[in-house]
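Remarks on the structure that follows.
None of these values were measured; they are calculated from a predicted model. For ligands, and for the atoms within them, numbers begin at 1 and follow the listed sequence.
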Amino acid sequence: MNTTIHNMEQHVSVRDFKDQALSSDTKQQLLRAAQSGSSSNFVQAFSIIEVSDKEIKNEIADITNSAAYVKKTGVFYVFVADLYRQSIMLQNAGKSLKGIENMEALTVATVDATIAGEDMAVAAESMDLGICYIGGVRNDVARIAELLNLPKYTFPVFGMTIGIPNHKNQVKPRMPLENQVSVNKYDVHKFADIEGYDKQIEEYYANRDSNAQAANWTSKNVNFFEEVRRPEVGEFLKRQGFALK
Ligand SMILES: Cc1cc2nc3c(=O)[nH]c(=O)nc-3n(C[C@H](O)[C@H](O)[C@H](O)COP(=O)(O)O)c2cc1C
């Protein structure tokens, strides 16, 4: 196994960092790595905002419910799905904005932002830094947009906190490949037959060295999805100019 794949398989989210800012050279390397990913039709429909202002960071930390590792970290970025540039180009060309308002365009921008995030994550972990995605920015997506001065046709998809790890959790076992990979056709039986995986995850949660608990993958998912989460995200996206259709 090569070093890249080895590092990827060692991934864990880090939620305990040394209180040490990353150097501007390190940040430049991370940002360049994030820019290097594929981009649908090369539209590069994302932006990255570093949050360094203490007041803004503290408010974002509170919004995300991840204060400890958003405040005490090396750097905190927000990844924004971004079609604002394209809206200006179209307006200047006297064209309709319908092409950036539909669900397909929002998907393109969200995927572009996500690819950038994961490329940055892989780069950071190759430098022995730790990362944690912070979807908690969508807990109050409108306030995040206000704090970061986000214009129409943008959407803060997630934050990412990156720093020197103080503590790392054990790697969480992923589901067996046969539950997630098939050839030619979706396998409705194998993909949903996760009894074996439930046992594995139950053991993982019972025996891990921090936050041990009695749970399996099914119970986690049922708890998560029995609630409609962040219903206001849809309304926010509409106000941002997206048609959601
Ligand atoms: C888009 C996204 C948003 C996430 N948001 C949060 C978050 O707000 N707070 C947090 O502590 N972890 C967050 N996570 C981390 C996940 O909980 C974590 O990746 C998952 O439990 C698997 O654990 P691992 O990354 O250690 O393998 C997020 C992950 C992703 C991909």
Considering distance alone, does some N or O of V12 sit under 3.5 Å from an N or O of ligand 1? no

If only side-chain N and O atoms count, and only distance matters, is there a donor-acceptor pair under 3.5 Å linking E203 with N207? no

If we only consider heavy atoms of N169, is any one of them less than 4.0 Å away from an atom in ligand 1? no

Identify the closest protein heavy atom to atom 5 (N) of ligand 1: which residue and atom is it, and at what distance? G135 N, 2.7 Å

Hey, are R143 and E146 close enough for a salt bridge, meaning a charged N less than 4.0 Å from a carboxylate O? yes

Side chains of R138 and T64: is there a donor and an acceptor less than 3.5 Å apart? no

Near Y69, which atoms of ligand 1 are under 4.0 Å from a heavy atom of that residue? 9 (N), 10 (C), 11 (O)

Before signing off on this row, confirm whether R174 and ligand 1 have an N or O atom pair separated by under 3.5 Å. yes

Just checking, is any N or O donor in the side chain of Q20 or K72 under 3.5 Å from an acceptor N or O on the other one? no

Is there any N or O on F158 that sits under 3.5 Å from an N or O of ligand 1? no

What I want to find out is whether E9 reaches R174 closely enough, with some N-O distance under 4.0 Å, to be called a salt bridge. no

Can you check which of R138, H11, Q10, R15 brings a heavy atom nearest to atom 12 (N) of ligand 1? R15

Would you mind checking which non-hydrogen protein atom is closest to atom 9 (N) of ligand 1, with the distance to 0.1 Å? S66 OG, 3.6 Å

With a cut-off of 6.0 Å (strictly less than), are more than 12 heavy atoms of other residues, nucleotides or ligands near CD of Q10? yes

With no hydrogens and no angle check, is any side-chain donor or acceptor of N221 less than 3.5 Å from a backbone partner on W217? yes

Do me a favour and list the nearest non-hydrogen protein atom to atom 20 (C) of ligand 1 with residue, atom name and distance? K172 NZ, 3.7 Å

What is the closest protein heavy atom to atom 7 (C) of ligand 1, and at what distance does it sit? Y133 O, 3.4 Å

Under-4.0 Å heavy-atom contact with ligand 1, by part of S13 that carries it: both

Is the shortest side-chain heavy-atom distance between R85 and Q44 below 4.5 Å? no

